[in-house]
Amino acid sequence: MADTSVSYLYVPQVQNAPIGIFDSGLGGLTVLRQLYRQLPQESIIYLGDTARVPYGNRSPGEIVQFMREILTWMLQQKVKMVVTACNTSSALALDVVQKEFPIPIIDLILPGAKAAVQQGKRIGVIATPATAASNAYQRAMLEIDPSVQVWQVGCPEFVPLIEQNRIHDPCTKEVARQYLTFLLQQRIDTLVYGCTHYPHLAPVLRSLLPQSVKFIDPAEYVVAATVQELELLGLSSTHPPSPTRFCVTGCPQQFAQSSLQWLGYTPTVESVCVTKEEQVSR
């Protein structure tokens with residue numbers, strides 16, 4: 001299987017330039033926290049495309065266009081690398097945009113798939129409907145280890161519930177129970193978070209699954225891949241980091257308030273435009 005975790009159309013960047021990371025909303029904060037842990041010396045620009053969240057019910061054509069717009073914006077910010085903290089974008093658009101943009105692009109799916117097959121043989125993947133329908137995780141895992149069994153479940157209600165900060169609502173647990181029923185019937189031994197939002201639901205999911213089930217958070221492994229790629233390309237920062245820059249396409253106040261519990265502080269958040277139409281209208 002070809003390693004599609006990075007772009008090979010590479011143009012040298014400045015070592016101390018920031019890393020760009022994007023997601024449709026709050027989910028990418030799980031990747032950001034891993035970046036803080038594993039790459040504390042790096043400066044980061046975080047973009048949440050909150051005006052268009054959720055991505056999971058979008059068409060492949062829409063996702064490709066969104067990713068093109070976001071990567072164009074990232075290049076304008078002079079980032080040295082982009083981490084795709086969105087499984088839907090990785091599943092539906094990565095192969096297209098890697099051929100179009102001259103910058104390393106790190107995705108979630110291959111690192112997450114490698115980790116999963118090292119942990120279990122009966123693997124469940126919970127994901128957005130678009131990611132589940134793409135079969136991206138299943139294909140990646142079977143190419144790494146044809147002996148594993150993989151079942152994927154699309155979970156359309158999870159991202160809206162998380163973005164609305166309704167994680168501890170009783171209805172959220174009931175929705176999760178319904179999504180997990182099929183995977184429980186398959187007697188899975190490993191569960192993959194196929195969306196970066198889903199680790200926020202860890203307490204709910206853990207309460208519904210046997211303690212023997214191992215959880216795989218691709219965020220942890222995509223950052224490990226980022227560390228390796230920075231070292232390989234000689235792009236590791238040599239200066240102390242600048243404060244993280246948080247940007248959203250939707251309401252900055254809502255994002256700042258919602259991210260408090262995940263970051264431990266209320267960030268300063270900018271409102272930005274990533275589409276030509278938005279830039280003209282404003």
Side-chain angles (χ1 to χ4, degrees), residues 2 4-5 7 9 20-28 30-31 46-75 82-101 103 105-110 112-113 124-143 150-164 175 178-179 182 192-198 218-219 222 247-251 255 272-281:
T4 58
S5 61
S7 170
L9 297 174
I21 172 175
F22 79 89
D23 183 46
S24 61
L26 293 168
T30 59
V31 180
Y46 183 100
L47 175 65
D49 192 10
T50 53
R52 300 185 288 201
V53 67
Y55 277 15
N57 297 315
R58 302 280 190 172
S59 70
E62 285 181 294
I63 297 300
V64 169
Q65 183 59 30
F66 293 174
M67 198 165 176
R68 283 175 174 149
E69 291 168 350
I70 288 168
L71 290 172
T72 298
W73 182 87
M74 286 287 185
L75 287 177
V82 174
V83 177
T84 307
C86 173
N87 284 274
T88 302
S89 295
S90 293
L92 300 183
L94 186 71
D95 289 345
V96 175
V97 299
Q98 281 189 325
K99 300 171 184 175
E100 299 176 351
F101 287 86
I103 190 170
I105 304 171
I106 311 295
D107 86 296
L108 288 149
I109 291 174
L110 187 57
V125 180
I126 50 174
T128 66
T131 300
S134 76
N135 289 319
Y137 270 103
Q138 184 179 56
R139 285 200 308 272
M141 291 180 201
L142 290 176
E143 288 194 33
V150 184
W151 297 274
Q152 300 168 112
V153 175
C155 307
E157 294 183 66
F158 274 169
V159 170
L161 287 168
I162 293 165
E163 289 285 329
Q164 295 163 19
V175 167
Q178 294 172 15
Y179 289 150
F182 172 72
V192 177
Y193 296 128
C195 173
T196 52
H197 282 74
Y198 296 176
V222 74
C247 305
V248 296
T249 57
C251 176
F255 183 89
V272 300
C273 304
V274 298
T275 68
K276 292 181 180 179
E277 291 79 6
E278 284 180 325
Q279 292 170 8
V280 170
S281 67

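- Between the side chains of Thr84 and Ser89, no donor-acceptor pair of N or O atoms lies under 3.5 Å.
- Listed by chain and number, the residues in a side-chain contact (heavy atoms from CB on, under 4.5 Å) with Ala219 are Thr30, Val31, Gln34, Asp217 (sequence neighbours excluded).
- With sequence neighbours excluded, no residue satisfies side-chain hydrogen bond (donor to acceptor under 3.5 Å, both in side chains) with Glu157.
- Residues satisfying the side-chain hydrogen bond (donor to acceptor under 3.5 Å, both in side chains) test with Asn135, not counting sequence neighbours, are Gln152.
- The side-chain contact (heavy atoms from CB on, under 4.5 Å) check on Val153 picks up Cys155, Tyr179, Phe182, Leu183, with sequence neighbours excluded.
- Residues satisfying the side-chain contact (heavy atoms from CB on, under 4.5 Å) criterion with Gln164, sequence neighbours excluded, are Pro160, Arg166.
- A side-chain donor-acceptor contact under 3.5 Å links Thr249 to the backbone of Thr50.
- Ring geometry for Phe255 against Tyr46 counts as tilted: the plane angle lies between 30° and 60°, on a 0 to 90° scale.
- Glu62 meets the salt bridge (charged side-chain N to carboxylate O under 4.0 Å, His left out) test with Arg58; sequence neighbours excluded.
- Not counting sequence neighbours, the partners of Tyr55 by the side-chain hydrogen bond (donor to acceptor under 3.5 Å, both in side chains) test are Asp49.
- Residues satisfying the side-chain hydrogen bond (donor to acceptor under 3.5 Å, both in side chains) criterion with Tyr193, sequence neighbours excluded, are absent altogether.
- Evaluation of the side-chain contact (heavy atoms from CB on, under 4.5 Å) rule for Ala91 yields Ile109, Thr131, Ser134, Ala136 as partners, not counting sequence neighbours.
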